Each structure stands twice: as C-alpha cells, then as structure tokens.
Student: 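Questions regarding the structure given below will be posed in turn.
These numbers were taken from a predicted model, which means no experiment stands behind them.
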Amino acid sequence: MITIKTTINAPIEKVWQFWTLPEHITKWSFASPDWHSQYAENDLRVGGKFTTNMAAKDGSMSFDFEGEYTLVKQNEAIQYRIDDGRKVEITFKETPDGVEIIERFDPETENSEEMQRSGWQSILDNFKNYVENN
C-alpha cells in the first residue's frame, strides 16, 4: 500500500465534516489547479456508496471516482473499496499539533507509485488548505 499523510490545524469535528459532506468535497477533491470537482455524492455508512467527479477545467477530460464504504467510525476512520477493487484506509487522529490524517491505498498498475503518491498527496494538501482557510 502507498501511504500519505498530513496534520491539519483544526478541530476533529470540522475535519470530519469537511472530509465527508459533498458541499465541501467539491471544494478540495482534485490534484491540481487546472482541475476541479463538479459534483459529489456521499452515503457515509457501511455499504453506502460515494461518487466524486473530477474534471479538467478546459473540458478535455473528466472521470468519476467511485466506491463503497466498508468501515465508518465517526471522527476516527474510514475504509472503502474503489470500484476497480482497490482498498483505501483513512485514519483521523487528534494530536497536540492538530488532526493527523493518514491515508493508505492500494496502487493501480497504470501509473508509477510515485506519480500516484504525488497525486493523492496533492489532493490531501488541497484538503488541508481548504480546512485551515475556511
């Protein structure tokens, strides 16, 4: 699995809300400034499904990032399976420096692990920036 992480200077309740509510997900769920998230749907429960659309701002490409939750522990952990079968695990932990988020995911085979790590880390960095500035 590939691991990425960050620490966010915000209360755990805010971090959880901004991670899970569609109106917030669309504000941070993309890897670079020339992309955006057009919509998000989230049924946050075991067996619930989510979809986040990610699209190039110039309209040249878009895709839906979709999956199903296998574990949901409020303010603590989320696990899900992406539609291609890969697993993702996310933990949220309060620390003296803020909320530490550790995200682990199965790599896909099309792109290098370093490219995947970089892309997922960029999205996590967008999340940190969004939470700390809103």
Student: Give the C-alpha distance, both sets of side-chain angles, the deciding distance and a yes or no for side-chain contact (heavy atoms from CB on, under 4.5 Å) between Glu108 and Arg86.
Tutor: CA-CA 8 Å; Glu108 40 96 343; Arg86 295 183 295 137; 3.7 Å; yes
Student: Any chance NZ of Lys73 has more than 12 other-residue heavy atoms, nucleotides or ligands included, within less than 6.0 Å?
Tutor: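 For Lys73, atom NZ is not crowded (no more than 12 foreign heavy atoms under 6.0 Å).
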Student: Side chains of Ile90 and Tyr80: does their closest heavy-atom pair fall under 4.5 Å?
Tutor: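 A side-chain contact exists here, since the closest heavy-atom pair is under 4.5 Å.
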Student: Rounded to the nearest 0.5 Å, what separation is found between the CD1 atom of Ile12 and the CH2 atom of Trp16?
Tutor: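 It is 8.0 Å, given to the nearest 0.5 Å.
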Student: Would Arg117 and Ile4 count as a side-chain contact (heavy atoms from CB on, under 4.5 Å) here? Give the steps.
Tutor: CA-CA 7 Å; Arg117 179 180 289 104; Ile4 59 170; 3.8 Å; yes
Student: Would you say that Tyr39 contacts Asp64 through its side chain, given a criterion of any heavy-atom pair below 4.5 Å between the two side chains?
Tutor: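 Yes; the side chains approach each other to less than 4.5 Å.
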Student: Between Lys49 and Glu68 (salt bridge meaning N to carboxylate O under 4.0 Å), is one present in this structure?
Tutor: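 Glu68 and Lys49: salt-bridged.
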Student: Mind checking the OG1-CD spacing from Thr70 to Glu89? Nearest 0.5 Å is all I need.
Tutor: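 Answer rounded to 0.5 Å: 8.0 Å.
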Student: With heavy-atom distances below 4.5 Å as the criterion, would you say the side chains of Asn53 and Phe63 are in contact?
Tutor: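 Asn53 does not reach Phe63 side chain to side chain.
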Student: Please check this pair: side chain of Lys5 against backbone of Gln121, looking for a donor-acceptor N/O pair closer than 3.5 Å.
Tutor: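 Not at all, since once roles are kept as given, no pair shorter than 3.5 Å links the two residues.
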Student: Between CD of Glu66 and CG of Asp83, what distance do you get to the nearest 0.5 Å?
Tutor: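 Reported value, rounded in 0.5 Å steps: 5.0 Å.
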Student: Ignoring hydrogens and angles, tell me if any N or O in the side chain of Asn111 forms a donor-acceptor pair with the backbone of Gln116 under 3.5 Å.
Tutor: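 No; zero donor-acceptor contacts below 3.5 Å.
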Student: Ignoring hydrogens, what is the shortest heavy-atom contact between Trp19 and Leu124? Give both atom names and the distance.
Tutor: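 That closest heavy-atom pairing would be CZ3-CD1, 3.8 Å.
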Student: Identify, with sequence neighbours excluded, every residue that meets side-chain contact (heavy atoms from CB on, under 4.5 Å) alongside Asn129.
Tutor: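 If we apply the side-chain contact (heavy atoms from CB on, under 4.5 Å) test to Asn129, skipping adjacent residues, the hits are Asn133.
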Student: Tell me if a side-chain donor or acceptor on Trp120 pairs with a main-chain N or O of Ile2 at a distance below 3.5 Å.
Tutor: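 Pair absent, no side-chain N/O of Trp120 close to backbone of Ile2.
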Student: Are any side-chain N or O atoms of Gln79 and backbone N or O atoms of Leu71, one a donor and one an acceptor, separated by less than 3.5 Å?
Tutor: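 No, the answer is negative, given that no donor and acceptor are paired below the 3.5 Å cut-off.
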Student: Can you confirm whether Lys14 sits close enough to Val131 that some side-chain heavy atom of one is under 4.5 Å from a side-chain heavy atom of the other?
Tutor: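 Lys14 vs Val131: side chains touch.
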Student: Counting N and O atoms only, with roles assigned by atom type, does the side chain of Asn42 sit under 3.5 Å from a partner on the main chain of Phe50, one being a donor and the other an acceptor?
Tutor: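 Side chain of Asn42 to backbone of Phe50, a donor-acceptor pair under 3.5 Å: no, none is there.
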Student: Please report the shortest heavy-atom distance between Pro22 and Ala40, naming the atom on each side.
Tutor: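 Shortest heavy-atom separation between Pro22 and Ala40 comes out as CB-O, 3.3 Å.
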Student: Is the shortest heavy-atom distance from the side chain of Ile101 to the side chain of Val15 under 4.5 Å?
Tutor: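 Yes, at least one pair of side-chain atoms sits under 4.5 Å.
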Student: Can you tell if the side chain of Phe65 reaches within under 4.5 Å of the side chain of Met54, non-hydrogen atoms only?
Tutor: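 Yes, close enough: below the 4.5 Å cut-off.
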Student: Can any side-chain N or O of Ser29 pair as donor or acceptor with the backbone N or O of Ile25 at less than 3.5 Å?
Tutor: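 No; judged by distance alone, with no hydrogens or angles, the pair does not exist.
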Student: Under 3.5 Å, sequence neighbours excluded: what are the donor-acceptor pairs made by side chains of residues 92-100?
Tutor:
from  : atom 1 : to    : atom 2 : distance (Å)
Thr95 : OG1    : Asp97 : N      : 3.2
Thr95 : OG1    : Gly98 : N      : 3.3
Thr95 : OG1    : Gly98 : O      : 2.7

Student: Give the C-alpha distance, both sets of side-chain angles, the deciding distance and a yes or no for side-chain contact (heavy atoms from CB on, under 4.5 Å) between Ile78 and Tyr69.
Tutor: CA-CA 7 Å; Ile78 294 173; Tyr69 292 107; 3.4 Å; yes
Student: How long is the span from the CG atom in Asn134 to the NE2 atom in His24, to the nearest 0.5 Å?
Tutor: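 These two atoms lie 8.5 Å from each other.
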Student: I need the minimum non-hydrogen distance between Trp35 and Met61, along with the two atoms involved.
Tutor: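 Smallest heavy-atom distance, with atoms named: CH2-SD, 3.7 Å.
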Student: Under the side-chain contact (heavy atoms from CB on, under 4.5 Å) rule, what do Val88 and Ile82 come out as? Steps first, then yes or no, please.
Tutor: CA-CA 7 Å; Val88 178; Ile82 305 171; 3.7 Å; yes
Student: With a sphere of 6.0 Å drawn around CE of Met1, does it hold more than 12 non-hydrogen atoms of other residues, nucleotides or ligands?
Tutor: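 Yes - once you tally the heavy atoms of other residues, nucleotides and ligands closer than 6.0 Å, there are more than 12.
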Student: Kindly compute the distance separating OG1 (Thr6) from NZ (Lys128), expressed to the nearest 0.5 Å.
Tutor: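 Output value for this atom pair is 4.5 Å.
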Student: Quick check: does any side chain N or O of Ser118 sit under 3.5 Å from a backbone N or O of Glu114, one acting as donor and the other as acceptor?
Tutor: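 No; judged by distance alone, with no hydrogens or angles, the pair does not exist.
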Student: Tell me the closest heavy-atom pair linking Ser62 and Ala55, and the distance in Å.
Tutor: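 For Ser62 versus Ala55, the nearest heavy atoms are CB-CB, 3.5 Å.
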Student: Would you check if the side chain of Asp58 reaches a backbone N or O of Ser60 as a donor-acceptor pair within less than 3.5 Å?
Tutor: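 Pair found, side chain donor or acceptor close to backbone of Ser60.
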Student: Atom CZ of Phe18 and atom OG1 of Thr20: how far apart are they, to the nearest 0.5 Å?
Tutor: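 Atom-to-atom, Phe18:CZ and Thr20:OG1 are 10.5 Å apart.
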